[in-house]
Amino acid sequence: MRALLLPLLASTMCLVGPSASQNAGPSRAWIKVFERSLDLDALIKNDPAHDRPVRHEDFARYYILERVGGEVRVWGRYLPPQDAWRDNPALPKGTHIGEPPLPVLDGGCSVVTLLIVHESFEVVRAFCNGRA
């Protein structure tokens, strides 16, 4: 029995990354799986601030883990990339893990927030940050 559980535990740890209790982020492997099936435009199409098609690849993406009771959730905040990021292909594109973004109170759908159940990859909330 132990021999069967160890590989399962190891594969789960690979998807979680650093300890969820440390306000860290999910692993790169988890993000890759999540983003592979993400249709950001479909998630926010009914938001009042939605005024143009959006793709997650066009954003700088920040992911942080949060433990609530026994459930691990992932907060995703998608922000416009910095001009230097857009203009300089030598800079890393896009993903920030366990690194909180600056707070943004408006921005329409140029700033999108997601709440995701870590285990199931289910997006339980998706919204644009509105307009000032």
Side-chain angles (χ1 to χ4, degrees):
M1 179 75 157
R2 178 183 263 175
L4 293 174
L5 290 178
L6 288 177
L8 177 61
L9 180 60
S11 66
T12 304
M13 298 277 296
C14 174
L15 290 177
V16 173
S19 168
S21 64
Q22 297 176 351
N23 220 20
S27 70
R28 290 193 183 279
W30 185 93
I31 292 169
K32 193 173 189 176
V33 170
F34 173 72
E35 289 184 349
R36 192 176 304 134
S37 63
L38 178 62
D39 183 350
L40 188 58
D41 200 55
L43 287 171
I44 60 170
K45 69 181 176 193
N46 294 323
D47 190 291
H50 185 255
D51 59 357
R52 62 182 170 79
V54 294
R55 299 172 339 121
H56 70 274
E57 296 94 338
D58 296 333
F59 290 87
R61 300 174 307 280
Y62 293 79
Y63 294 97
I64 295 178
L65 288 176
E66 170 187 65
R67 186 176 301 276
V68 178
E71 181 177 68
V72 178
R73 302 182 200 177
V74 179
W75 283 99
R77 172 76 53 88
Y78 293 14
L79 300 168
Q82 299 298 318
D83 288 336
W85 177 80
R86 198 177 287 139
D87 297 336
N88 185 351
L91 293 175
K93 184 174 179 179
T95 305
H96 304 269
I97 302 171
E99 176 186 331
L102 295 173
V104 179
L105 301 177
D106 60 3
C109 283
S110 65
V111 179
V112 178
T113 301
L114 304 176
L115 177 59
I116 310 142
V117 177
H118 185 273
E119 186 177 322
S120 66
F121 297 92
E122 176 190 4
V123 177
V124 293
R125 288 189 67 201
F127 55 92
C128 299
N129 277 33
R131 296 198 172 105

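Sequential numbering from 1 along the given sequence is applied to the chain's residues.
Between Thr113 and Arg77 the shortest heavy-atom distance is OG1-NE, 2.9 Å. When every heavy atom of Ala49 is checked against every heavy atom of Cys128, the shortest pair comes out as CB-CB, 4.0 Å. Summarising the geometry of Ile116 relative to Tyr63, their closest heavy-atom pair is CD1-CE2, 4.5 Å, with the distance given to 0.1 Å. Across every non-hydrogen atom of Ile31 and Pro26, the tightest pair is CG1-CG, 3.9 Å.
Between Lys45 atom NZ and His50 atom NE2 the span is 9.5 Å, to the nearest 0.5 Å. In this structure, the separation between CG on Asp51 and SG on Cys109 is 6.5 Å, given to the nearest 0.5 Å.
Annotation for Glu119: atom CD does not count as buried by contact number, only 12 or fewer foreign heavy atoms lying within 6.0 Å.
Contact check for Phe59 versus Val111: no side-chain heavy atoms found under the 4.5 Å cut-off. You'll find the side chain of Val112 stays beyond 4.5 Å of the side chain of Leu43, heavy atoms only. Counting heavy atoms from C-beta outward, Arg61 and Glu35 have side chains that approach closer than 4.5 Å. Using a 4.5 Å heavy-atom cutoff, the side chains of Val74 and Glu66 are not in contact. Within the 4.5 Å cutoff, the side chain of Arg28 has no heavy atoms near those of the Lys32 side chain. Contact of the Ser110 side chain with the Arg52 side chain is registered, since non-hydrogen atoms from C-beta on lie closer than 4.5 Å.
Cluster annotation: Val117 is not connected to Leu114 through the hydrophobic network of ILVMFWY side chains, with a link wherever side-chain heavy atoms come within less than 4.5 Å. Ile44 and Leu115 fall into different hydrophobic clusters, where Ile, Leu, Val, Met, Phe, Trp and Tyr residues are linked whenever their side-chain heavy atoms come under 4.5 Å apart, directly or through other members. Under the 4.5 Å side-chain heavy-atom criterion for ILVMFWY residues, no single connected hydrophobic cluster contains both Leu38 and Phe127.
Ring planes of Trp30 and His118: parallel class, angle under 30° (limits at 30 and 60°).
Using a 3.5 Å distance cut-off with no hydrogens or angles, the side chains of His56 and Asp39 do not pair a donor with an acceptor.
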Audit row: Trp75, Tyr62, ring-ring contact (aromatic ring centres under 6.0 Å, His included) steps and yes/no = CA-CA 8 Å; Trp75 283 99; Tyr62 293 79; over 10 Å; no

